[in-house]
Number of protein chains: 2
Amino acid sequence: MSTMSSLELRTKITSEARLELWLEQVTVPKPAADEVVVRIDAAPINPSDIILLLGPVDPLKIHAGGTPTRPTASASIPPDRMLGLEARLDKALPVGNEGAGIVVDAGSDVRAFVGRTVAVRSPLGMFAQHRVVKPSDCLVLPDGISARQGASAIINPLTVLGMVETMRREGHSALIHTAAASNVGQMLNRVCLMDGIPLVNIVRSPTQAEDLRLLGAQHVLDSSSATFRRNLVGALEETGATLAFDAIGGGTMAGTIVAAMEEALGAKAASFSRYGSPVHKQVYIYGMLSPGPRVLEGNLGMAWGVSGWLMTWFYGKIDSATAQRLRDRVTNELTSTFASHYTSEISLADALSPEIIVAYSRRATGEKFLMRPNG
Amino acid sequence: MSTMSSLELRTKITSEARLELWLEQVTVPKPAADEVVVRIDAAPINPSDIILLLGPVDPLKIHAGGTPTRPTASASIPPDRMLGLEARLDKALPVGNEGAGIVVDAGSDVRAFVGRTVAVRSPLGMFAQHRVVKPSDCLVLPDGISARQGASAIINPLTVLGMVETMRREGHSALIHTAAASNVGQMLNRVCLMDGIPLVNIVRSPTQAEDLRLLGAQHVLDSSSATFRRNLVGALEETGATLAFDAIGGGTMAGTIVAAMEEALGAKAASFSRYGSPVHKQVYIYGMLSPGPRVLEGNLGMAWGVSGWLMTWFYGKIDSATAQRLRDRVTNELTSTFASHYTSEISLADALSPEIIVAYSRRATGEKFLMRPNG
């Protein structure tokens with residue numbers, strides 16, 4: 001292939017407190033001997049992509065610019081929302097954590113990949129028409145699986161399997177999950193049902209609770225219920241769960257879970273210890289649906305931890321055989337356990353339309369957008 | 001020895017919301033073959049003892065009762081302070097986490113201990129005239145070391161060495177310590193100076209800062225200073241500390257430390273990552289000087305943890321050779337690195353005097369009470 005032109009989404013927050021979004025026209029570099037060129041055909045818009053794309057900007061305040069084929073979008077940012085952005089100021093950042101497409105060119109060492117459909121996860125940004133990556137960033141999809149079917153094959157599936165693997169490694173035997181009506185939550189529910197792992201699902205409305213129960217979930221708690229705290233302690237006594245994954249982040253949920261674990265363990269304790277139960281109780285915060293301070297209230301005992309958890313760092317720490325076993329499970333169950341569903345498809349240019357930005361940044365449970373950079 | 005009578009301190013919180021303190025007269029049991037009888041000659045009054053002794057009671061509200069030789073003390077507890085006490089209600093609990101004394105009797109397998117001065121740590125409660133314990137609960141003190149010198153030989157010294165050992169095991173190379181003017185703080189300062197470990201000491205007043213500097217501390221930060229946060233980031237950039245031990249517990253300090261670590265690491269980062277620094281930042285909360293919610297504010301990145309830490313559980317997890325090496329260091333340096341100083345000595349009966357309760361429960365930095373149960 002000779003020089004090939006390609007469009008890529010960029011986001012920038014300037015020191016003058018403006019958000020700028022545009023499509024950058026680039027020349028696709030020639031792949032090195034160990035690199036492949038992927039034509040990105042499908043990329044999901046995940047919550048973490050939206051955080052990077054818009055920063056602290058209110059989607060309703062975004063204005064359109066540019067031309068229909070080369071649109072831009074921009075917004076001004078109130079000074080009090082510029083805090084914590086120092087590290088990204090004035091940098092033109094690519095966006096899109098994952099995607100899938102066809103290998104259209106490859107370096108001399110990796111020619112065998114040409115023509116294969118692969119899922120890709122790379123910090124380079126998948127909201128782009130082409131990406132040059134290494135095969136180690138790719139998951140080769142089985143024959144017959146489309147880019148659309150494989151677009152979300154990496155982040156959510158490997159997050160869910162990482163949670164279960166973390167549970168086993170750290171000696172727990174059951175799980176708690178918040179924001180459990182999410183795509184990740186439904187996937188985790190399927191894996192836990194299949195693997196016989198007791199799972200306590202915490203959702204935020206009676207409707208979400210009902211939806212999860214219809215999917216076979218056995219322990220579903222609605223945090224908006226007046227009896228939530230008591231129900232939580234009951235579910236923890238029943239399941240013995242001492243490990244939670246929390247997607248909310250800010251607020252009181254992580255602390256409520258630890259205190260409820262401690263209460264459930266205390267109810268079973270034979271004698272009083274001033275230090276509480278010696279059983280370690282852990283909450284991993286893996287998302288930030290709610291920004292703001294994390295408030296840990298109540299009696300947590302002394303054997304507890306609240307920590308950040310990031311899927312890619314977890315896979316960086318485990319041995320490669322285990323990581324491969326988990327990736328193989330994803331490709332084997334991509335149209336069942338790990339299937340993702342999309343409610344809308346948009347183009348690269350659509351992603352800069354103020355109306356469409358408002359729509360995909362709602363992040364409503366059950367709604368999921370798929371980008372078609374070459375569509 | 002025939003039957004021997006002994007007095008022991010007891011604390012009880014009743015379901016009727018009353019605190020009751022008294023001296024229980026017991027018959028010292030005959031030791032089993034593997035047990036020793038220790039006459040407790042000296043026991044420090046540690047913050048954790050006071051928490052157990054008084055529960056949520058305001059020391060100024062305590063009334064005296066009983067007789068001069070068999071005093072009692074009591075107080076009523078406001079209903080709103082009875083929360084979280086369920087596990088101890090109506091239980092007569094012994095008090096006193098550690099102490100030292102002479103082995104006055106022993107079972108057939110452990111006769112060699114008779115006459116030795118030992119430090120003891122046991123949940124049985126050292127605010128007592130005699131205790132029957134196993135040698136594994138004891139640290140045999142070197143010849144020439146008195147019970148007074150050995151009274152605090154276990155909890156604070158092993159806490160400090162446990163912090164340093166935790167640092168090494170978890171791959172950190174420097175430490176942060178809060179409430180650093182405390183007895184533990186001064187001891188940690190001595191160990192870190194001796195071992196060449198960079199230590200960031202956080203204290204709560206200019207006077208405490210000056211005191212610690214006079215003891216050779218290199219990094220001392222006063223959290224009451226207007227420039228505390230900036231100074232903290234500077235000290236973390238300089239030392240590279242990514243592990244803190246926090247004695248405060250409630251409030252914002254643990255979160256402030258994590259956020260400052262993240263800021264210090266971010267300042268050194270070559271490029272922007274939306275997940276922040278991949279270096280794990282950890283705060284262990286080992287005390288509860290300030291009860292109440294733990295509030296974690298600001299940008300912590302994703303590689304962080306805040307957890308409870310308890311010295312005895314830490315030693316329960318490490319191999320016995322390492323634990324022995326650390327105990328040996330304590331006995332070897334008991335009159336230097338690990339020396340404790342007491343400002344007042346009281347009897348078992350004094351511990352129930354309302355005026356003396358007010359004095360020792362102040363927990364003023366630099367003030368430390370020693371109990372002489374047989375004095």
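Proteins get letters first, then strands, A, B, ... in listed order; numbering begins at 1 in each. For clarity, every value in this text was computed on a predicted model and none was experimentally measured.
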Original post:
Got a sec: does the CE of B/M288 have more than 12 other heavy atoms crowding it under 6.0 Å?
Top reply: no
Subject >> Shortest non-hydrogen contact from A/W304 toward B/V306 >> reply: CZ3-O, 3.3 Å
Original post:
Got a second to check how far B/T312's OG1 is from A/Y275's OH, nearest 0.5 Å?
Top reply: 6.5 Å
Subject >> chain B contacts, top residue of A/K91, A/E297, A/M302 (heavy-atom pairs, under 4.5 Å) >> reply: A/M302
Subject >> Minimum heavy-atom distance between B/S307 and A/G305, given as atom pair plus value >> reply: OG-CA, 3.5 Å
Original post:
Of the listed residues (B/L83, B/N97, B/I51), which shares the most heavy-atom pairs with chain A below a 4.5 Å separation?
Top reply: B/N97
**OP:** Select one option (side chain, backbone, both, neither) describing which atoms of B/S48 are under 4.5 Å from chain A's heavy atoms.
**Re:** both
Subject >> Option that, when pairs with chain A are counted at under 4.5 Å, heavy atom only, ranks first among B/G250, B/G316, B/P293 >> reply: B/P293
Original post:
Is atom CZ of A/R169 surrounded by more than 12 heavy atoms (other residues, nucleotides or ligands) closer than 6.0 Å?
Top reply: yes
**OP:** Flag the one option from A/E263, A/H280, A/R88 with the top tally of heavy-atom pairs under 4.5 Å to chain B.
**Re:** A/R88
Original post:
Taking A/V258, A/N299, A/L300 one by one, which has the highest count of heavy-atom pairs under 4.5 Å against chain B?
Top reply: A/L300
